[in-house]
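I have placed the structure first, in the form of structure tokens, so that the comments after it can refer back to it.
Here, residue 1 is the first one in the sequence, and each next residue gets the next number.
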Amino acid sequence: MFKGFKLDIKNALSFVEEGEYTEYLKKAEEARTALVRGEGPGRELTGWVDLPHITDREQLDRIMSLADKVRKDSEVLIVIGIGGSSLGSRAAISFLSGTADDGHRTKGGGPRILFAGNDLSGTSAKAIAESIGDADFSLAVISKSGTTLEPALSFRVFKKLLEDRYGKDDAAKRIYCITEDNDKALHRKALKEGYHLLYVPKEIGGRYSVLSPAGLFPVAVAGGDIEELIKGAEEERINCLDLDPDKDPALMYAALRQLLYHKGRKLEMFSSFEPCIMCLGEWWKQLYGESEGKGGKGIFPVTAMLSRDLHSIGQYIQDGERILFETILGVENTASDMVIPETEDDFDGNEYLAGKLYSDINRTARQATIAAHVKGDVPCMEIILEDQTEHTLGRLIYFYEFACGISGYIQGINPFDQPGVDEYKKNIYERLRDI
């Protein structure tokens, strides 16, 4: 039995030559050396590489202590952030809870976790405010600057709601700011008002911050075991640093996806037959899209929820233009399961499945879909997770982060900046001055 997860690349290797793959594995090994030694572009933002190793007991205790306070005095936690400031924790909470729906708790109970500040919709903000009702609530504001438009406006809205309910002084005790130790707006405001503070290291960019307080605090409030999350990430870090290239899943994945891109596969589709994994796909989409989409280059990341999307875009996947490859995630031991019941008349023709577990049907459907897509000329990699525990999730998160850095270096770009994001923000702010 494998531990954590395993990467199966046989259904993608068949689309490339052995010599080509060997060449790209060598490039991946060179990229690993540059990343670990801090010799590549964006080296000032690679603090995440050793983060699981240097996260100390004191920091975890403080995160868990503040999370316990929220769990005791609040029925709802509103997490305000956008991009890497919310997608990571949202993905982890969904994965651990076994549901893709917002507002669900992970094991052990705790407050409902609602996410705000990731859009500019008044309808959305109003719905979140109304969903709180009379429940006691707290805010977690996650931002390096405090001035990014979407979370900044959301913080204004929900801070007022909090102060109207509890008064300014008591409301301040319910506000948790996760930011850099800097002289920017959110940090200054937190110090002035006496908000609780947790710090994200300056050497870690937002999309690589899920294993920092930015991700750990909401997960802890939701009942997740953040110690196990870090332990799993540290195990994977050791693998990424020490394993031979042809045995290291992160290097194998990075090398093969870049080789497929070189051969004309411009899109990678992240797919899963488990709805609770799809929030992880949204985090992955930002991680890889923002890291690699530069200089007119980059694999375009897309997601597909299976089997649902087989009934919508399945025709294109199977028979459309051959520009994509697929990575499918499955779970060997799901968090829970159900048995298909019997019927008296077999009205739907599916009585042969009565008494079977959903998980067995899910696994069979996944394997059948991979076979069909490969036959339709779609390279497929498969990642099988051992279970839905924090330890396995920590390993998977670190695997994706490390592979992203390697993949970006193979591509020849800085995978840790985002100049295109800065450009659209500039345009938005200029136009808002005129409304």
Determine whether the side chains of Ser97 and Thr99 contain a donor N or O and an acceptor N or O closer than 3.5 Å. no
Assess the side chains of Asp119 and Ser121: does a donor N or O sit below 3.5 Å from an acceptor N or O? no
Rounded to the nearest 0.5 Å, how far does [atom2] of [Y] lie from [atom1] of [X]?
X: Phe217; Y: Ile63; atom1: CZ; atom2: CD1; result: 9.0 Å
X: Glu228; Y: Arg395; atom1: CD; atom2: CZ; result: 12.0 Å
X: Leu35; Y: Arg43; atom1: CG; atom2: CZ; result: 11.0 Å
X: Leu66; Y: Leu216; atom1: CG; atom2: CG; result: 12.5 Å
X: Asn333; Y: Leu385; atom1: CG; atom2: CG; result: 10.5 Å
X: Ile384; Y: Leu7; atom1: CD1; atom2: CG; result: 9.5 Å

Are the side chain of [X] and the backbone N or O of [Y] linked by a donor-acceptor pair below 3.5 Å?
X: Ser74; Y: Leu77; answer: no
X: Ser291; Y: Tyr288; answer: no
X: Ser407; Y: Cys404; answer: no
X: Asp337; Y: Leu357; answer: no
X: Ser65; Y: Asp61; answer: no
X: Arg174; Y: Asp136; answer: no
X: Ser89; Y: Val219; answer: no
X: Tyr261; Y: Gly298; answer: yes
X: Arg71; Y: Val221; answer: yes

Please determine whether a side-chain nitrogen of the Lys or Arg among [X] and [Y] lies less than 4.0 Å from a carboxylate oxygen of the Asp or Glu.
X: Lys27; Y: Glu30; result: no
X: Arg90; Y: Glu282; result: no
X: Asp164; Y: Lys160; result: yes

[X] and [Y]: which non-hydrogen atoms are nearest, and at how many Å?
X: Ile230; Y: Pro52; result: CG2-O, 3.6 Å
X: Ser94; Y: Cys276; result: OG-O, 3.2 Å
X: Pro218; Y: Ile142; result: CG-CD1, 4.2 Å
X: Tyr409; Y: Pro41; result: OH-O, 2.8 Å
X: Ala91; Y: Trp283; result: CB-CB, 4.2 Å

Using the side chain to side chain contact (heavy atoms under 4.5 Å, CB included) criterion, which residues pair with [X]? Sequence neighbours excluded.
X: Arg188; value: Asp183, Ala185
X: Arg37; value: Thr33, Glu39
X: Pro379; value: Ala12, Phe15, Leu260, Arg265, Phe325
X: Leu149; value: Leu120, Leu153, Ile428, Tyr429, Leu432

Per side-chain contact (heavy atoms from CB on, under 4.5 Å), Leu186 is matched among Leu191, Val141, Thr148 by Val141
Report the C-alpha separation of Asp8 and Lys6 in whole Å, then their side-chain angles, then the decisive distance to 0.1 Å, and conclude whether the side chain to side chain contact (heavy atoms under 4.5 Å, CB included) test is met. CA-CA 7 Å; Asp8 187 342; Lys6 64 179 180 181; 5.9 Å; no
Within residues 220-247 or reaching into it, pairs that qualify as ring pair (Phe, Tyr, Trp, His ring centres under 6.0 Å) - sequence neighbours excluded: none
With sequence neighbours excluded, tell me which residues meet side chain to side chain donor-acceptor pair (under 3.5 Å) with [X].
X: Asp360; answer: Arg363
X: Arg237; answer: Asp50, His53, Glu234
X: Lys72; answer: none

Please output the side-chain donor-acceptor pairs of residues 240-256 that fall under 3.5 Å, not counting sequence neighbours, one pair per line with the distance.
from	atom 1	to	atom 2	distance (Å)
Asp248	OD1	Ala250	N	3.0
Asp248	OD2	Arg32	NH1	3.3
Tyr253	OH	Glu268	OE1	3.3
Tyr253	OH	Glu268	OE2	2.6
Tyr253	OH	Trp284	NE1	3.4

For residues 196-204, which side-chain donor-acceptor pairs fall under 3.5 Å, sequence neighbours excluded?
from	atom 1	to	atom 2	distance (Å)
His196	NE2	Lys173	O	2.9
Tyr199	OH	His187	NE2	2.9
Lys202	NZ	Asp181	O	3.3

Contacts table for residues 410-420: side-chain donor-acceptor under 3.5 angstrom, sequence neighbours left out:
from	atom 1	to	atom 2	distance (Å)
Gln411	OE1	Gln258	NE2	3.4
Gln411	NE2	Glu292	O	2.8
Asn414	OD1	Phe416	N	2.9
Asp417	OD1	Lys294	NZ	2.8
Gln418	OE1	Arg207	NH1	2.6

Looking at Lys168, I'd like to know if its NZ atom is crowded, meaning that more than 12 non-hydrogen atoms belonging to other residues, nucleotides or ligands lie closer than 6.0 Å. no
Tell me whether Lys126 at atom NZ has more than 12 heavy atoms from other residues, nucleotides or ligands lying less than 6.0 Å away. no
What verdict does the side chain to side chain contact (heavy atoms under 4.5 Å, CB included) test give for Thr147 and Lys184, after you've listed the backbone C-alpha separation in whole Å, the side-chain angles of each residue and the deciding distance to 0.1 Å? CA-CA 8 Å; Thr147 58; Lys184 295 183 179 179; over 6 Å; no
Any salt bridge (Lys or Arg N to Asp or Glu O under 4.0 Å) involving residues 140-159? Give me the pairs, sequence neighbours left out, ordered by first then second residue. Lys144-Glu180, Lys159-Glu163
Should the pair Tyr24 and His262 be assigned to parallel (<30°), tilted (30 to 60°) or perpendicular (>60°) ring geometry? tilted
Please step through side chain to side chain contact (heavy atoms under 4.5 Å, CB included) for the pair Ser307 and Thr369, ending with a clear verdict. CA-CA 9 Å; Ser307 61; Thr369 299; over 6 Å; no
With the side chain counted from C-beta on, respond yes when Thr55 and Leu211 share a heavy-atom pair under 4.5 Å apart, and no when they do not. no
Please evaluate residues Thr334 and Glu274 with respect to the criterion side chain to side chain contact (heavy atoms under 4.5 Å, CB included), reporting the C-alpha separation (whole Å), side-chain torsions for both, the decisive distance (0.1 Å), and the verdict. CA-CA 9 Å; Thr334 54; Glu274 291 290 344; 3.5 Å; yes
In Glu236, Glu386, Glu235, Glu332, the residue satisfying salt bridge (charged side-chain N to carboxylate O under 4.0 Å, His left out) with Lys3 is Glu235
